[in-house]
Amino acid sequence: MSDLSIDADWDELYVDGEWRASESGETIAVEDPSTRETVTEVAAGTEADVDAAYEAAAKAQESWGEQPPARRQAVIEQFHRALDAHSEEIIELLEYEVGGSAIMGETSIQIAADHAGEAATLPRRMKGEHAASNIPGKESQLQVGPKGVVTVISPWNFPLNLSMRAVAPAIAAGNSVVLKPSTNSPITGGLLFAKLFEETDLPEGVINVVTGRGSSIGDRVASHPESDVVAFTGSTEIGKRVAGLAGENLAVPAMELGGNNAHVVTADADLDRALDAAAFGSFVHQGQVCISINRHVVHEDVYDEYVAGLVDRAESLPTGSVHDPETIVGPIIDESQRDEMLGYVDETVEAGATLETGGHAVDVDGVDDSLVVAPTVLSGVTNDMPAAANEHFGPIAPVIPFSDVDEAVQIANDTEYGLSGAVHSGDLGTAKEIADRMETGNVHINDQPINDEAHVPFSGIGASGVGHYNSDAFLDEITETKWISIQHEPREYPF
């Protein structure tokens with residue numbers, strides 16, 4: 001079995017079934033967010049490395065796409081078993097690389113396994129069909145096959161499962177893959193996949209992993225002429241650029257971008273249930289989730305009680321290094337992210353909101369300039385204040401009051417984003433009315449917005465993205481449908 005410990009060798013790229021040094025010979029340090037120490041290094045890939053990866057992918061795809069469904073299914077099932085066998089090592093890698101708590105790591109494994117299991121069913125679901133023709137004696141056949149080369153550009157926040165949901169289905173459908181992980185998560189979002197697939201019968205060149213700085217190779221990856229699909233998860237700002245570059249080659253863009261998700265709580269909601277969901281939805285993995293709660297929109301009749309309850313829950317959460325198994329709220333990924341979110345808090349208070357708890361970095365023993373941010377609750381917030389208007393991507397809970405359903409919907413929809421959301425109400429009819437009117441790709445009633453199930457389509461609207469993930473929805477993105485007609489009888493033409 002492969003060595004997947006943080007002490008393993010991670011300083012090479014994976015191209016055409018081989019581990020190789022970058023053309024530059026340079027490496028990038030990987031820092032543990034909990035300790036601020038360098039724990040390993042990865043290769044700094046170049047544009048020449050990117051070209052080599054796409055050349056290998058294009059060559060390998062020709063034969064891989066012709067393999068029977070049973071063989072492609074078997075490879076994904078082997079991968080699934082490898083993922084399960086290495087789960088403890090992977091959870092530890094997530095601790096060291098992205099500051100993931102034990103809960104975050106276990107959740108990542110569960111979701112990734114769900115996506116692998118769903119992907120294994122896709123080869124047998126790639127079925128064509130017959131269509132009736134308006135021409136006498138004509139038979140129409142619709143054949144479904146792989147697109148070709150799928151580019152996967154994955155993020156750092158939940159790198160394992162957000163890479164998995166694109167990589168595993170793409171390969172299952174007969175495509176080859178070039179995977180470019182985030183610079184902040186090059187192992188769990190990228191190199192890990194190469195090592196796991198080495199434990200399967202996947203042919204060389206079907207998966208290729210190129211690590212490196214986005215500023216150096218990002219544009220070449222997004223715009224490569226061999227790419228047929230570009231699956232990207234990340235910020236809206238970068239996603240727009242990636243989609244534009246992909247479009248120059250007419251590659252299909254599958255973009256899940258930013259979110260500003262509302263958690264609506266009506267006056268007759270079960271408040272304890274709503275608060276339990278609120279604490280999880282705002283503070284799991286330090287709020288670094290594109291579908292986490294960004295705004296708590298709460299009816300004025302229960303507003304004060306809700307704020308008090310959320311403060312109690314926030315202050316009860318263990319914070320610090322995620323190498324302590326008791327920690328729930330660990331470090332932010334890096335200084336720039338930490339400073340930006342704390343800046344939003346300061347600006348929101350200056351605009352008139354009240355800081356109920358948190359709003360500062362937490363000292364961690366032996367760590368200079370800690371990245372841990374205390375769970376933060378802000379009251380008296382309006383939708384135009386910085387912590388509410390921006391995707392703060394941290395353990396920050398701005399609470400906004402509303403007076404009636406129309407105002408709640410107006411507040412929830414007053415954003416360019418439309419990724420996820422939640423509604424808590426004692427009356428399912430009211431909850432459904434609000435959910436129906438919320439302009440977002442996903443809404444969860446009497447729950448919180450962080451939900452992902454591999455067999456259920458997932459997408460955002462507006463500035464939250466284009467295209468779809470999961471199950472048949474993503475299968476449509478990574479396959480082509482060809483129309484073949486057969487004229488069985490002589491056809492009459494007008495001349």
Side-chain angles (χ1 to χ4, degrees), residues 235-240 257-267 274 278 281-283 287-304 306-307 310-311 314 332 336-360 373-424 434-435 437-443 448-449 460-465:
S235 71
T236 298
E237 178 184 6
I238 297 176
K240 287 179 179 179
L257 308 178
N260 188 339
N261 313 297
H263 183 73
V264 178
V265 180
T266 65
S282 275
F283 303 130
Q288 298 174 125
V289 192
C290 52
I291 49 176
S292 66
I293 300 172
N294 204 90
R295 295 167 295 152
H296 299 249
V297 182
V298 181
H299 194 276
E300 59 191 12
D301 289 352
V302 294
Y303 185 86
D304 291 342
Y306 184 93
V307 170
L310 191 55
V311 169
I332 300 305
S336 63
Q337 186 68 30
R338 178 202 62 191
D339 294 347
E340 180 180 69
M341 68 177 64
L342 289 177
Y344 288 148
V345 172
D346 291 342
E347 293 167 10
T348 299
V349 172
E350 290 172 5
T354 299
L355 179 62
E356 298 285 349
T357 190
H360 61 272
V373 171
T376 299
V377 178
L378 295 159
S379 65
V381 179
T382 57
N383 224 28
D384 58 349
M385 292 181 180
N390 296 286
E391 183 186 25
H392 50 65
F393 224 62
I396 300 168
V399 191
I400 304 171
F402 73 88
S403 59
D404 58 35
V405 165
D406 287 342
E407 186 180 14
V409 171
Q410 186 274 325
I411 292 170
N413 290 342
D414 185 18
T415 175
E416 64 176 331
Y417 300 103
L419 192 55
S420 194
V423 182
H424 276 260
I434 295 171
R437 295 172 62 188
M438 289 174 71
E439 296 168 356
T440 184
N442 313 275
V443 186
Q448 44 72 48
I461 63 174
S464 291

Would you compute the distance between atom [atom1] of [X] and atom [atom2] of [Y] and round it to the nearest 0.5 angstrom?
X    : Y    : atom1 : atom2 : answer
H392 : Q337 : NE2   : CD    : 10.5 Å
E416 : E439 : CD    : CD    : 13.0 Å
I400 : Y303 : CD1   : OH    : 8.0 Å
D301 : D304 : CG    : CG    : 10.0 Å
L378 : L355 : CG    : CG    : 5.5 Å

Would you check if [X] and [Y] make a side-chain contact, meaning some heavy-atom pair closer than 4.5 Å?
X    : Y    : answer
C290 : E391 : yes
V405 : R437 : yes
E407 : P401 : no
T266 : I434 : yes

Qualifying residues under ring pair (Phe, Tyr, Trp, His ring centres under 6.0 Å), relative to H263, sequence neighbours excluded: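 Per chain and number, H263 pairs via ring pair (Phe, Tyr, Trp, His ring centres under 6.0 Å) with H296, H424.
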For F402, what residues pass the ring pair (Phe, Tyr, Trp, His ring centres under 6.0 Å) criterion, not counting sequence neighbours?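 Result, ring pair (Phe, Tyr, Trp, His ring centres under 6.0 Å) vs F402: H299.
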Looking at every non-hydrogen atom in both residues, tell me the closest pair between [X] and [Y] and how far apart they are.
X    : Y    : answer
N413 : M438 : OD1-CA, 3.5 Å
S420 : P449 : OG-O, 3.0 Å
V302 : A267 : CG1-O, 3.6 Å
G258 : S464 : O-OG, 2.6 Å
V264 : A412 : CG2-CB, 4.5 Å
S282 : I396 : OG-O, 4.3 Å

Side-chain donor or acceptor of [X] paired with backbone N/O of [Y] under 3.5 Å:
X    : Y    : answer
T415 : N260 : no
H360 : A374 : no
T357 : T376 : no
N442 : L419 : yes

Residue among N383, D414, N261 satisfying side chain to side chain donor-acceptor pair (under 3.5 Å) with R295: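 Testing R295 for a side chain to side chain donor-acceptor pair (under 3.5 Å) against N383, D414, N261 leaves exactly one candidate, N383.
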Sequence neighbours left out, what pairs pass side-chain hydrogen bond (donor to acceptor under 3.5 Å, both in side chains) with at least one residue falling in residues 338-352?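 For residues 338-352: R338-D369.
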